[in-house]
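None of these values were measured; they are calculated from a predicted model. Lettering of chains follows the sequences in order, A, B, ..., and the numbering in each one begins at 1.
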Protein chains: 2
Amino acid sequence: MTKPPAAPESRLASTEVETHVEAFQKSRDDRRTELMEDYVELIADLIEHAGEARQTDIAQRLGVTQPTVAKMLKRLAEENLITQRPYRGVFLTDEGHRLAMATRRRHQVVEAVLCRLGVDPDTARNDAEGIEHHVSEKTLEAFERFLKA
Amino acid sequence: MTKPPAAPESRLASTEVETHVEAFQKSRDDRRTELMEDYVELIADLIEHAGEARQTDIAQRLGVTQPTVAKMLKRLAEENLITQRPYRGVFLTDEGHRLAMATRRRHQVVEAVLCRLGVDPDTARNDAEGIEHHVSEKTLEAFERFLKA
DNA sequence: CATTATTTATAGGCGAGGCTAAATATCAAT
DNA sequence: ATTGATATTTAGCCTCGCCTATAAATAATG
Ligand SMILES: [Mn+2]
Ligand SMILES: [Mn+2]
Ligand SMILES: [Mn+2]
Ligand SMILES: [Mn+2]
């Protein structure tokens, strides 16, 4: 559209535009859930390794301030991913736990793939922390097949 | 910190925390530049394939409204990535062009790697649109080695 | 050249995600 | 039990990225 269908590139334009916009929309969508995934994954880790997940611990690990964490935890509670007992730490709901485990799996698989491709462990961990949120189920399965081979 | 150094896991805790926080900070940092990268890459594509990049075209491709694009273009101009000539479209500065080419390279390499690993083309394109922004130079080089092998 | 269509600009609003500062509440220790 | 340290809550404030509605400018057309 925008210009009449006479221009040479316009013939394929409409489908091209649709596939393009789909990718960008998925990307924006992923961005909205990235933080929630990092939180539940971190909370699961803290509970397993430290026995509890308090706001200050979470803040320290994420590198943000504690009031920032407090506000986000409210959102996570509203979304039924966690419950809170003041001064007793944060706990995952069943739904939160499922999301945490799914995120952890993706994180591990992505990191392992990077390592297998010769990336050094530090870089692999750092890059995986961002990449993990954009890996679809299909891509994840392809990664797992690659690791098994 | 937080607890005395007596707890069993605390011995490694301090370095663990630092590496963890580094990954999250990189992830947040990448998120800040994601959008700018998508814009300049798209603008380069539009100029090459359509001869010009107007606000309405950009909006249509990204799947957002035109005022959203107008506002973002102001930011990109402030950051010296683009220049604008009203009703004549958007143009990349040298800096913007360099960023666009770097982003395009990453996009193509990531998409190619996914395809090589057996991901179908549509999924590869969609996932690459998000993953590309979190791939460091080291990982990119590993990807390129993998593709050559 | 006057009218219409398209493009761009502007105003105002909303939620997410970050911050600092200050008030509360709990915990720990003397 | 009092005091001091630590943890949590709350209150503003900011920027970014999205939106709708509208106005203004330009382009295209009869
Ligand atoms: Mn992450
Ligand atoms: Mn992770
Ligand atoms: Mn992208
Ligand atoms: Mn891209």
Side-chain angles (χ1 to χ4, degrees), chain A residues 1-4 6-7 21 24-40 42-43 46 50-79 81-91 130 133, chain B residues 1-4 6-7 21 24-40 42-43 46 50-79 81-91 130 133:
Chain A
M1 358 239 124
T2 273
K3 27 179 77 165
V21 77
F24 284 125
Q25 270 163 353
K26 172 185 180 291
S27 196
R28 276 200 302 278
D29 242 40
D30 289 343
R31 237 174 284 165
R32 270 195 32 250
T33 53
E34 255 175 81
L35 247 201
M36 299 195 323
E37 291 180 352
D38 280 339
Y39 267 81
V40 295
L42 174 57
I43 289 166
L46 284 171
E52 59 179 356
R54 293 170 310 161
Q55 294 189 6
T56 46
D57 301 331
I58 298 170
Q60 193 187 16
R61 300 292 177 115
L62 291 177
V64 298
T65 62
Q66 172 268 321
T68 295
V69 171
K71 200 186 275 188
M72 180 62 54
L73 292 181
K74 242 179 227 165
R75 269 192 62 215
L76 296 181
E78 279 164 15
E79 307 246 8
L81 293 172
I82 65 163
T83 58
Q84 294 185 81
R85 288 194 306 173
Y87 299 86
R88 287 287 159 88
V90 178
F91 304 87
H133 310 284
Chain B
M1 18 237 67
T2 275
K3 25 178 78 164
V21 76
F24 285 125
Q25 270 163 353
K26 171 185 180 290
S27 196
R28 276 200 302 280
D29 241 40
D30 289 344
R31 235 174 285 164
R32 269 194 34 251
T33 53
E34 254 176 84
L35 247 201
M36 299 196 323
E37 292 181 351
D38 280 339
Y39 267 80
V40 295
L42 174 57
I43 289 166
L46 284 171
E52 58 179 358
R54 292 170 309 162
Q55 292 189 9
T56 46
D57 302 332
I58 297 169
Q60 193 187 15
R61 300 293 178 113
L62 291 177
V64 298
T65 61
Q66 171 266 323
T68 296
V69 171
K71 203 184 273 190
M72 181 60 57
L73 291 181
K74 242 179 227 167
R75 268 193 62 213
L76 295 181
E78 279 164 14
E79 308 246 6
L81 294 171
I82 64 163
T83 58
Q84 294 185 82
R85 288 195 306 173
Y87 300 85
R88 288 289 161 88
V90 178
F91 304 87
H133 310 283

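- A donor-acceptor contact under 3.5 Å is not formed by the side chain of B:Gln55 with the base of C:dA9.
- Applying the 4.0 Å criterion to OP1 and OP2 of D:dT8, one finds that A:Arg54 has every side-chain N and O outside that range.
- Checked for salt-bridge contact, B:Arg61 and B:Asp57 miss the test: no charged N lies under 4.0 Å from a carboxylate O.
- Scanning all heavy atoms of the two residues, the minimum distance from B:Gly89 to B:Arg54 falls at CA-CG, 4.2 Å.
- Distance CZ (A:Arg28) to C1' (D:dC16): 14 Å, rounded to an integer number of Å.
- When distances are taken from the side chain of B:Pro67 to each of D:dA7, C:dC19, D:dT20, the shortest belongs to D:dT20.
- The CD atom of A:Glu78 sits 8 Å away from the P atom of C:dA16 (whole-angstrom rounding).
- If you take CZ of B:Arg88 and P of D:dT26, they are 11 Å apart, rounded to a whole angstrom.
- B:Tyr87 contributes no side-chain N or O that forms a donor-acceptor pair with the base of C:dT8 under 3.5 Å.
- The side chain of B:Val64 lies closest to D:dC18, out of D:dA24, D:dC18, D:dA7.
- Between B:Asp38 atom CG and D:dC16 atom C1' there is a gap of 15 Å when expressed in whole angstrom units.
- In this structure, B:Lys71 atom NZ and C:dT7 atom P are separated by 22 Å, rounded to whole Å.
- In this structure, the NZ atom of A:Lys74 is 15 Å from the P atom of C:dG15, given to the nearest Å.
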